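This one's a predicted model, so the numbers in the text were calculated from it and none came from an experiment. Only this structure's heavy atoms are used, side chains among them; waters, hydrogens and symmetry mates stay out. Every number for a ligand or one of its atoms is a count from 1 in the order of the listing.
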Amino acid sequence: MMFKTHLMFGFLLGLFGIQYLHPSNQVLFIIIAMFCSALPDIDHPDSKIGKNVKIIAFLFEHRGFFHSIWALLLVFFLFSLTLGKVYVFAALIGYISHLLADAMTKEGIKVFHPFSKYAIRGFIRTGTLGELIVFLVVSVFSVYKLVNL
Ligand SMILES: [Zn+2]
């Protein structure tokens, strides 16, 4: 999925997080969720985050480690060192939103990479009309959720 679709997914799931977790700083919560919704593509040299740290794309396969459950555990660990519990959830929510969105694409995600080739795949092709429809549906739902928070 593309950057904007990931941000919108992170935004929507972040709103659900705010509803159920009641963080004291809702703006910070959403910023962390949206940042982490873009973070897994750090393994792609042309992504918004990856182009600033090309060494990671050089060392790691795209949709490999950073799109696995292990990276999610790493995010949990690293954010736990610096943030309070509720904001660690924001990071996890954002990161999971990215994995869920990519799991809807034909390319899919290899959840246990590199230990297993098992992949979760969908039917949407990145950057096509299918993704645009997903983006629009998530956007409309996000606005609805924001107004009714
Ligand atoms: Zn991705």
Aromatic rings F141 and F16: how do their planes relate, parallel, tilted or perpendicular, breaks at 30° and 60°?
-> tilted
May I ask you to check whether H62 brings an N, O or S atom to under 2.8 Å from the Zn ion (ligand 1)?
-> no
Atom name of the N, O or S atom of D41 nearest to the Zn ion (ligand 1) is OD1
Is the distance from the Zn ion (ligand 1) to some N, O or S atom of H6 under 2.8 Å?
-> no
Can K110 be said to sit on top of Y118's aromatic six-ring, NZ or CZ under 6.0 Å from centre and within 45° of the ring axis?
-> no
Can you check whether F79 and Y87 have ring centres sitting under 6.0 Å from each other?
-> no
Say you draw a straight line from NE2 of H67 to NE2 of H62; how long is it, rounded to the nearest 0.5 Å?
-> 5.0 Å
What angle sits at the Zn ion (ligand 1) between OD2 of D102 and NE2 of H98, to 10°?
-> 90°
